[in-house]
J.: 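Once you've had a glance at the structure underneath, I'll fire off some questions.
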Amino acid sequence: MSLSRSIESPNTYLLLVQWDRLEDHTVGLRESPQYQQWRELLHRFYDPFSLVEHYELVSSAP
């Protein structure tokens with residue numbers, strides 16, 4: 001995982017998490033007791049709530 005801060009908008013961050021499989025995130029994490037506790041403690045601080053999107057690699061360069 002990596003966390004980056006926007007240079008133009010210093011209050012904007014990009015958290016990039018790499019999963020082996022989509023289900024590792026959508027099921028493995030989101031259905032875990034730890035995620036439920038984290039959600040209860042932190043989701044109220046997101047304004048607006050963070051955008052979550054899933055991507056797959058199309059191409060890479062050496």
Side-chain angles (χ1 to χ4, degrees):
M1 110 173 78
S2 65
L3 179 65
S4 300
R5 182 189 312 207
S6 170
I7 294 170
E8 292 80 14
S9 304
N11 290 330
T12 301
Y13 292 84
L14 171 65
L15 174 62
L16 179 61
V17 180
Q18 294 180 303
W19 301 95
D20 291 328
R21 301 173 313 129
L22 176 63
E23 293 79 14
D24 292 340
H25 177 234
T26 58
V27 177
L29 173 71
R30 289 203 172 160
E31 292 183 9
S32 71
Q34 294 87 352
Y35 177 75
Q36 301 309 316
Q37 181 182 15
W38 174 80
R39 187 181 71 174
E40 289 174 18
L41 293 171
L42 298 177
H43 276 204
R44 62 190 167 113
F45 293 107
Y46 299 135
D47 185 26
F49 189 77
S50 58
L51 173 64
V52 176
E53 295 184 329
H54 298 96
Y55 294 83
E56 61 184 348
L57 183 63
V58 175
S59 179
S60 65

J.: Would you compute the distance between atom CD of Q34 and atom CG of L29 and round it to the nearest 0.5 angstrom?
T.: 8.5 Å
J.: Strictly distance-based, threshold 3.5 Å: is any side-chain N or O of E40 a donor or acceptor partner for the main-chain N or O of Y35?
T.: no
J.: Mind checking the CH2-CD spacing from W38 to Q36? Nearest 0.5 Å is all I need.
T.: 10.5 Å
J.: Is it true that L3 and L42 fall in one hydrophobic cluster, defined by side-chain heavy atoms closer than 4.5 Å?
T.: yes
J.: Output side-chain donor-acceptor pairs under 3.5 Å for residues 11-21, partner residues at least two apart or in another chain, one line each.
T.:
from, atom 1, to, atom 2, distance (Å)
Y13, OH, R5, NE, 3.4
Y13, OH, R5, NH2, 3.4
R21, NE, D24, OD1, 3.3
R21, NH2, D24, OD1, 2.9

J.: Which pairs would a plain distance check flag for residues 48-62, meaning a side-chain donor or acceptor within less than 3.5 Å of a matching protein atom at least two apart in sequence or in another chain?
T.:
from, atom 1, to, atom 2, distance (Å)
E53, OE1, Y55, OH, 2.5
H54, NE2, H25, ND1, 2.8

